[in-house]
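One structure is given here, and the rest of the page talks about it.
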Amino acid sequence: MLIGIDLGTTNSLAACFRNGKVEIIPNRLGKKLTPSVVSVDDEGSILIGETAREYGYLHPERTAKVFKRTMGTDHEYDLAGMKFSSEELSGFVLRSLKEDAEVYLGEPVHEAIISVPAYFNDNQRKATKRAGELAGLTVSRIINEPTASAIAYGVGEEGTVERCMIFDLGGGTFDVTILEYFKNIMEVYAIAGDNFLGGEDFTQVLVEMYLQRLLVASVNLLDLRTLSNIYKAAEEAKCSFSDHDTVTMAVNVFGVLHEEQFTVAEYEEACRPLLEKLRKPIEKSLRDAKVTLDDLDRVILVGGATRLKIVRDYVKKVTGIYPDWYVDPDTSVAQGAALQCAMKERDRRIEEVILTDVCPFTLGTEVVRDNGAFEEPGHYLPIIERNTVIPVSRTQTVYTAHDNQKIVTVKVLQGESYMARNNLLLGSLTVEVPVGPKGQEAIEITYTYDVNSLLEVEVKVVSTGLQKKVIIQNEENKVSEEEARKRFERLQYLKQNPREEEENRLAMFRANRVYEESLGSDKDRIGEMIGEFDNALNNSTRLEVELTRKKLEDLLDEIENKGFTGLIS
Ligand code: AMP
């Protein structure tokens, strides 16, 4: 079975296409969203999703989140002495989604279409693919998140040509896509974005506002757990700006409850630099697509952070268009990925959608330029220009730069700067050439960018016919097959928290956290209930455990929903 997966910075989810419609696949806790969080508990087991997030509030040093931001880099997360890359952590999240899908669908799931931010570069895309493989999934396609959302919005709609802008602000990334639909033809014109801008930055603003009010001389004085509590309070406060003009943050700092109120006007002012950062990709995408705001029929909002009213207001102000967000912004990407699965399997119930996508970056190589007086090294020669429709294959011919040159090294670069060194080095390829005077040997460099936005480079020495071909992989991240196999095995053998214990562990972690956060009689009541639940876990039947857990959850709901006044009493 093939499923669609939205592997998000904050949350992930899976969906499939069955019996002619998209189904969102619930996780083991019956929820549609699985937080992209991984922890290693004190017994060395791996926790994933909501259980990991809850555990992480009290054990931030054993928990990794927002790791999608370092996808494709060699950054390592140290969880209780075990080191993991973003790719491996994402592999755990994917494995959990795969297992949940198998239970829900009642059949094995071996294949997936996974979405990535449109602005993800080649390294990040390949790392995502490998993460899928670590989870035991064949990733048959990588799809751009905004394109997936556009499919969720557009498929099946009849009629006129529509030009739209998809404004996708997720937890950690921002993409703007300009596309056109006409019946079943969907054409992406341009993509622009920022891989380091998302909802988490809007949370960080509130964290900083709170820290300023605290007047703590140095943030370094605060321990990790307090900082993690402040972050949690900021995240909740940010989300409640959706229906309140004033929000409260209350956190225990050095044993004292510090309660602070913030108005939406203050927040908007503090977020001004972030909002301004949204403008540039909007302008760039329109420019690249050769479209003006007047040509746009619709602006579609996607991604959890577009729930922020200040973001929606800003989009409206900049574009002059009242944006749409009628497909659930949390699930539209997964829905689109599931529809893409149906298209791949040529499900007759879905009209074949012809989709053209673009390559969001310029891809090129480094060359020496003769400026008439002397030779200048370090120039960038674009081979595939950004926003070219994919799949695409382009060839450029370069010549030897020195007399008696024996080898030619082709650097594969990605970026927009005319100076080669300012662009991202994706890899390099070396070929031998017959010696001779400079300029004698011609080398043809062919870049092929496929529908999954994965790059293949072929270098050919014209005189000898010698050819070399590689799928580009960053030198630093290059892993041998042997290493990849070992890594896969290591991850497979790590103990994972058993599915059937998930709800109990989650309830216990949550109870411990609320216990720590509470004061007075609430603390006593939770303490008693924790004892009762612990006892049930050790001595009772499954049904009794479930009843006790329900009682504990009701109590926690009551205390948490009472809000901050409960903490003070
Ligand atoms: P995504 O990656 O699309 O799941 O988006 C996740 C981001 O959306 C996170 O930064 C969340 O804090 C943010 N988010 C989710 N719900 C809300 C809300 N009601 N108000 C503001 N931000 C939200």
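Note that ligands are numbered from 1 as they come in the structure, with each ligand's atoms numbered from 1 the same way. The structure displayed is predicted, hence computed values, not measured ones.
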Part of C239 within contact of ligand 1 (heavy atoms, under 4.0 Å): both
Just to confirm my output: which protein heavy-atom neighbour is closest to atom 23 (C) of ligand 1, and how far is it? G304 O, 3.4 Å
Tell me whether ligand 1 is touched by D330 - counting only heavy atoms on the residue side and a distance under 4.0 Å. no
Close-contact set for ligand 1 against G303 heavy atoms, below 4.0 Å: 3 (O)
Quick check: F174 with Y119 (ring centres under 6.0 Å apart)? no
Please walk me through it: do D168 and V176 pass side chain to side chain contact (heavy atoms under 4.5 Å, CB included)? CA-CA 6 Å; D168 180 358; V176 184; over 6 Å; no
ring-ring contact (aromatic ring centres under 6.0 Å, His included) with F84: which of Y77, F67, F92? F92
Quick test of your reading of the structure: of R307, K238, K68, whose heavy atom lies closest to atom 10 (O) of ligand 1? K238
Ranked by distance from atom 6 (C) of ligand 1, the top protein heavy atom is T10 OG1, 3.3 Å
I want to know whether F241 and F262 have ring centres closer than 6.0 Å. no
Under 4.0 Å, heavy atoms only, figure out whether ligand 1 is touched by the backbone of E235, its side chain, both or neither. side chain
Taking atom 4 (O) of ligand 1 as the reference point, the nearest protein heavy atom with its distance: N11 ND2, 4.1 Å
Do me a favour and list the nearest non-hydrogen protein atom to atom 2 (O) of ligand 1 with residue, atom name and distance? G171 N, 3.0 Å
So the atoms of ligand 1 within less than 4.0 Å of a heavy atom of S242 turn out to be 18 (C), 19 (N), 20 (N)
Below 30° counts as parallel, above 60° as perpendicular, anything between as tilted: where do the rings of H59 and Y55 land? parallel
Heavy-atom nearest neighbour in the protein, as seen from atom 21 (C) of ligand 1, with distance rounded to 0.1 Å: L308 CG, 3.6 Å
Short N or O distance, L169 and ligand 1, threshold 3.5 Å exclusive: no
Once rounded to the nearest 0.5 Å, what's the spacing between atom CD of E111 and atom CG of L137? 9.0 Å
Of E560, E50, E54, E553, the one forming a side chain to side chain donor-acceptor pair (under 3.5 Å) with R510 is E560
Does atom CG of D245 have more than 12 heavy-atom neighbours from other groups under 6.0 Å away? no
